[in-house]
Amino acid sequence: MKNIVIFGAPGSGKGTQSDLLVAKYGFKHISTGDVLRAEIKNETELGATAKSFIDKGQLIPDSLMIDILASTYDAMLPCEGVIFDGFPRTIPQAEALKEMLAKRNTGVTAMLELEVEDTVLIERLVNRGKTSGRADDNEETIKARLDVYHKQTAPLAEWYEKEGLRNTVKGTGALEEISAALCAVIDAK
Ligand code: AMP
């Protein structure tokens with residue numbers, strides 16, 4: 001079973017590329033952002049807590065996210081593979097993922113990093129906001145999310161480098177070419 005972490009800034013194409021990987025390999029897809037938005041839609045207690053952070057572009061506390069991740073993962077087993085999209089976003093989350101998978105006698109197969117410049121990210125997210133209906137796809141919140149990304153999430157790239165799992169792919173250009181580059185990494189594992 002493969003456990004693939006797809007990594008990159010908001011707007012780097014993690015969701016789009018995850019969909020292509022799901023179609024090709026039949027993997028299951030865990031998007032923690034989607035899980036939280038579903039909780040908000042269903043007006044759960046967790047949704048109310050999540051909303052207060054998401055609307056400000058801030059991260060949900062690690063302890064809460066780690067519990068959500070573990071139960072979402074277990075609900076997907078057994079399967080060929082899982083794509084983690086939007087998790088981990090902090091070093092404690094990456095450590096918790098490693099521990100959670102080790103307890104289940106498995107581990108992260110590869111981290112796939114989509115590299116995209118900030119100017120392109122802002123343009124993509126502002127455009128997405130016109131149709132996504134996402135309250136956090138507005139210019140002010142986008143800037144806060146990118147700031148959080150650079151401060152809290154980007155350092156994880158080095159963490160995965162040290163683990164020998166980091167694979168960086170250029171996240172601009174034709175979708176199919178980006179996907180082919182990601183598949184080449186997965187196929188080599
Ligand atoms: P996304 O759909 O991945 O862009 O996530 C949208 C928002 O959900 C983020 O800006 C965070 O507020 C929250 N979120 C999603 N995943 C996580 C995570 N792993 N840790 C903390 N907050 C998260």
Side-chain angles (χ1 to χ4, degrees), residues 3-22 27-76 82-101 108 111-116 118 120-157 159-160 165 171:
N3 295 293
I4 307 292
V5 171
I6 191 153
F7 183 87
S12 59
K14 301 188 295 296
T16 305
Q17 290 298 330
S18 294
D19 290 345
L20 296 173
L21 296 177
V22 165
F27 293 160
K28 297 278 174 70
H29 176 211
I30 301 180
S31 155
T32 44
D34 284 351
V35 171
L36 297 170
R37 283 185 288 277
E39 295 285 337
I40 294 173
K41 197 164 167 233
N42 293 330
E43 299 183 347
T44 64
E45 203 178 312
L46 170 59
T49 307
K51 190 174 172 8
S52 64
F53 291 97
I54 292 178
D55 285 353
K56 287 184 249 157
Q58 293 171 358
L59 299 183
I60 275 73
D62 285 337
S63 55
L64 193 56
M65 277 319 301
I66 290 162
D67 287 348
I68 296 170
L69 197 271
S71 55
T72 309
Y73 182 77
D74 287 337
M76 294 195 160
V82 171
I83 301 170
F84 296 91
D85 163 7
F87 189 102
R89 263 178 155 98
T90 63
I91 289 173
Q93 289 184 15
E95 285 166 346
L97 177 62
K98 186 178 175 179
E99 196 182 316
M100 181 198 90
L101 293 175
V108 171
M111 178 273 226
L112 309 176
E113 177 182 18
L114 293 168
E115 204 171 46
V116 179
D118 272 16
V120 177
L121 295 170
I122 294 170
E123 197 184 298
R124 283 187 187 174
L125 291 166
V126 168
N127 271 326
R128 184 173 83 182
K130 292 176 189 157
T131 53
S132 70
R134 277 180 56 165
D136 59 348
D137 281 344
N138 65 75
E139 209 154 342
E140 194 190 331
T141 315
I142 289 167
K143 290 207 171 113
R145 286 158 65 204
L146 286 180
D147 199 40
V148 165
Y149 173 77
H150 288 297
K151 290 198 179 112
Q152 299 186 57
T153 306
L156 260 181
W159 190 91
Y160 275 112
L165 292 169

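Start at 1 and go down the list; that is how both ligands and their atoms are numbered. Just so it is clear, the structure is predicted and the values come from calculations on it, not from any experiment.
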Please check whether Gly86 reaches ligand 1 - meaning an N/O of the residue sits under 3.5 Å from an N/O of the ligand, judged on distance alone. yes
Is the shortest distance from a heavy atom of Arg134 to ligand 1 less than 4.0 Å? yes
Could you see which bit of Gln58 sits under 4.0 Å from ligand 1, with heavy atoms only: side chain, backbone, both or neither? backbone
Checking a contact table here: which protein heavy atom is nearest atom 14 (N) of ligand 1, and how many Å away? Leu36 CD1, 3.6 Å
Using a 4.0 Å heavy-atom threshold (strictly under), name the region of Ile54 that reaches ligand 1: side chain, backbone, both or neither. both
Mark yes or no for whether Lys14, through its side chain, and Ala9, through its backbone, hold a donor-acceptor pair below 3.5 Å. yes
What protein heavy atom sits nearest atom 20 (N) of ligand 1, and how far away is it? Gln93 NE2, 2.9 Å
So, Asp34 versus His29: side-chain donor-acceptor pair below 3.5 Å or not? no
Atom indices of ligand 1 within 4.0 angstrom of Thr32 heavy atoms, with elements: 15 (C), 16 (N), 17 (C), 19 (N)
Please report the interatomic distance CD1(Ile6) to CD(Gln17), rounded to the nearest 0.5 Å. 6.0 Å
If we ignore hydrogens and angles and just use 3.5 Å, is the side chain of Ser12 paired with the main-chain N or O of Val116 as donor and acceptor? no
Could you tell me the residue and atom name of the protein heavy atom closest to atom 9 (C) of ligand 1, and the distance to it rounded to 0.1 Å? Arg89 NH2, 3.8 Å
State whether the side chain of Gln93 and the backbone N or O of Arg89 hold a donor-acceptor pair below 3.5 Å, judged by distance alone. yes
For Thr44, is there any backbone N or O sitting under 3.5 Å from a side-chain donor or acceptor partner on Asn42? no
Tell me which protein heavy atom sits closest to atom 22 (N) of ligand 1, plus the residue, atom name and distance to 0.1 Å. Ile60 N, 3.0 Å
Please verify whether a non-hydrogen atom of Arg37 lies at under 4.0 Å from ligand 1. yes
Testing Arg145, Lys143, Lys151 for side-chain hydrogen bond (donor to acceptor under 3.5 Å, both in side chains) with Asp147, which one passes? Lys151
